[in-house]
Asks: 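Pasting a structure below so you can have a look.
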Amino acid sequence: MKIASFNINGIKARIEALSEWLKEAEPDVVVLQEIKSIDENFPKSHFEDLGYIVETHGQKSFNGVAILSRLPLEDVSRGLPNPENAGRDEADDIEARYIEATVCTDKGSLRIGGLYLPNGNPVDLDQNGKPIVGSKYDYKLKWMARLHQHAQALLTEEQPFILAGDYNLIPQEEDAKHPEKWSDDALFRMESREAYRKLLSLGLTDALRARNAEPETFTFWDYQRGAFDKNNGIRIDHVLMSPQAADLLLDCQIDVYTRAKAKPSDHVPIWIQIDL
DNA sequence: ATGGTGGTGCGACCA
């Protein structure tokens, strides 16, 4: 089974590029981020005609995630659980950033979480250097804490799962062409990286690093200043795998070539092949 | 070096 993650930066602008890549790459399941569309406006039938089931979790103008699958999906859920505020504060879930479903085959099933982690910029700190409550950076870190709790809950179920998407997170210096330029950025700051490291230390495997040790392996290049031509990129789209899922991992690749095509997203797809 | 580009949806806001 081939499973991919792709931040498309707007379904309306990317319908051609996404369709072309689906035909070339033939993934069985794709999690999409930044569909920037409400559910009603997502071109569902277009992708159904290409052989995919479509499940969306959209919102107007910003964010929005989706799952496309050639295989049957079960138990689709939208939004990340919010244990701290369950039933009391819906504000944390206004932004559509998480969708999850189980994909079933003859050999077994796999739970797939598709996520669009908050960017977190600008970084607003108080006099003590702590993120100001209610700021974008605070929202990012709190969202990461919720993701951590959710991953913990999934691990206790002992079911193979993956968490794939745009993490808006540069894990290490080697994941940026110019790491020094990112030192105060929410994508690379200490608090963000620490939260990511803690998530991994639950026992999750970074699929790309498990299969690929090549330097300068990026998934995002800014549209400005010819960033792609200079390979001035960052690795922020990740596929994390539970121990049971990681045992099935066969390959992990990044489809860099899509960034050189007409009307590209600023991100490129990352995919895994698993023995399922 | 100041978002310089690009997306959404029609005025800003987001990345």
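In what follows, every chain begins at residue 1, and chains take the letters A, B, ... in the order their sequences are listed. These numbers were taken from a predicted model, which means no experiment stands behind them.
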Asks: Do A:Glu173 and A:Arg193 meet the salt-bridge criterion of a basic N to acidic O distance under 4.0 Å?
Replies: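 A salt bridge is absent here (no side-chain N lies under 4.0 Å from a carboxylate O).
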Asks: To the nearest angstrom, how far is A:Trp182 atom CH2 from B:dA15 atom P?
Replies: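 Atom-to-atom, A:Trp182 to B:dA15, this comes out as 13 Å.
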Asks: Checking the side chain of A:Asp39 only, and the main-chain atoms of A:Gly58 only, is there a donor and an acceptor separated by less than 3.5 Å?
Replies: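 Yes, the answer is positive, given that a donor and an acceptor are paired below the 3.5 Å cut-off.
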Asks: Report yes if the side chains of A:Thr219 and A:Asn7 come closer than 4.5 Å at any heavy-atom pair, otherwise no.
Replies: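 Side chain of A:Thr219 against side chain of A:Asn7, heavy atoms only: no contact under 4.5 Å found.
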Asks: Does A:Lys261 have more than 12 heavy atoms from other residues, nucleotides or ligands lying within 6.0 Å of its NZ?
Replies: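 Yes.
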Asks: May I ask you to verify if any side-chain N or O of A:Arg14 is less than 4.0 angstrom from the OP1 or OP2 atom of B:dG7?
Replies: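 Yes, within the criterion.
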Asks: Is there a side-chain contact between A:Lys136 and the phosphate of B:dA15, meaning an N or O under 4.0 Å from OP1 or OP2?
Replies: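 Answer is yes, contact under 4.0 Å.
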Asks: In terms of the nearest nucleotide of DNA chain B, which residue is placed more toward the 5' end: A:Arg97 or A:Ile38?
Replies: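 The residue whose closest nucleotide sits nearer the 5' end is A:Ile38.
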Asks: In this structure, is the centre-to-centre distance between the rings of A:Trp221 and A:Phe228 below 6.0 Å?
Replies: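 Ring centres of A:Trp221 and A:Phe228 closer than 6.0 Å.
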Asks: How many Å lie between OH on A:Tyr139 and C1' on B:dC14, as a whole number?
Replies: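 Checked: the OH to C1' distance equals 14 Å.
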Asks: Find the runs of at least 3 consecutive base pairs, i with j, i+1 with j-1 and so on, that include DNA chain B, using Watson-Crick or G-U wobble geometry with both distances under 3.5 Å.
Replies: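 Looking at DNA chain B, the stems formed by three or more consecutive pairs are B:5-8 with B:12-15.
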Asks: What integer distance in Å separates A:Arg225:CZ from B:dG4:P?
Replies: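 Going from CZ in A:Arg225 over to P in B:dG4 covers 9 Å.
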Asks: Run through A:Glu55, A:Glu95, A:Glu100 and flag the one making a salt bridge (Lys or Arg N to Asp or Glu O under 4.0 Å) with A:Arg78.
Replies: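 Among A:Glu55, A:Glu95, A:Glu100, the one that satisfies the salt bridge (Lys or Arg N to Asp or Glu O under 4.0 Å) with A:Arg78 is A:Glu55.
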Asks: From OH of A:Tyr223 over to C1' of B:dT5, roughly how many Å is that when rounded to an integer?
Replies: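 The answer, rounded to whole Å, is 9 Å.
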Asks: Set out, in order, the CA-CA distance, both residues' side-chain angles and the distance that settles side-chain hydrogen bond (donor to acceptor under 3.5 Å, both in side chains) for A:Tyr139 and A:Asn119, then state yes or no.
Replies: CA-CA 9 Å; A:Tyr139 179 62; A:Asn119 176 295; over 6 Å; no
Asks: Between A:Asp251 and A:Gln253, does any side-chain donor sit less than 3.5 Å from a side-chain acceptor?
Replies: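 Looking only at side-chain atoms, A:Gln253 and A:Asp251 do form a donor-acceptor pair, the distance falling under 3.5 Å.
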Asks: What is the separation between atom CZ on A:Phe220 and atom P on B:dG6, rounded to the nearest whole Å?
Replies: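 Checked: the CZ to P distance equals 12 Å.
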Asks: Can you tell me the distance, in whole Å, between the CG atom of A:Asp229 and the P atom of B:dG4?
Replies: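 Rounded to whole Å, this separation is 20 Å.
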Asks: When the P atoms of B:dG4 and B:dC13 are compared, how many Å lie between them, rounded to an integer?
Replies: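 After rounding to an integer number of Å, I get 16 Å for this pair.
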Asks: Answer with yes or no whether the side chains of A:Tyr196 and A:Glu191 bring together a donor and an acceptor at under 3.5 Å.
Replies: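 Not at all, the side chains of A:Glu191 and A:Tyr196 share no donor-acceptor pair under 3.5 Å.
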Asks: Once you round it to whole Å, what is the distance between C1' of B:dC14 and CD of A:Glu34?
Replies: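 Going from A:Glu34 (CD) to B:dC14 (C1'), I get 8 Å.
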Asks: Taking atom P in both B:dG9 and B:dA15, compute the distance separating them and give it to the nearest angstrom.
Replies: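 It works out to 15 Å between them.
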Asks: What nucleic acid atoms does A:Asn63 come within less than 4.0 Å of, heavy atoms only: base, sugar-phosphate, or nothing?
Replies: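 Nothing: the residue A:Asn63, judged by heavy atoms under 4.0 Å, touches no strand.
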Asks: When you measure from every atom of DNA chain B, which of residues 115-123 of chain A have a heavy atom less than 4.0 Å away?
Replies: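 Contacts with DNA chain B under 4.0 Å: A:Tyr116, A:Asn119.
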Asks: Looking only at side-chain N and O atoms, does A:Lys36 come under 4.0 Å of OP1 or OP2 in B:dC13?
Replies: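 So the side-chain polar atoms of A:Lys36 never come under 4.0 Å of the phosphate oxygens OP1 or OP2 of B:dC13.
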Asks: Looking at B:dA15, B:dT8, B:dC13, which one has an atom nearest to any side-chain atom of A:Phe62?
Replies: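 Within the option list, the nearest is B:dC13.
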Asks: Please report, rounded to the nearest Å, how far the C1' atom of B:dC14 is from the OH atom of A:Tyr137.
Replies: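 Checked: the OH to C1' distance equals 19 Å.
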Asks: With side-chain hydrogen bond (donor to acceptor under 3.5 Å, both in side chains) as the test, would you mind laying out the steps for A:Ser265 and A:Arg14 before giving the verdict?
Replies: CA-CA 7 Å; A:Ser265 170; A:Arg14 220 63 63 206; 4.7 Å; no
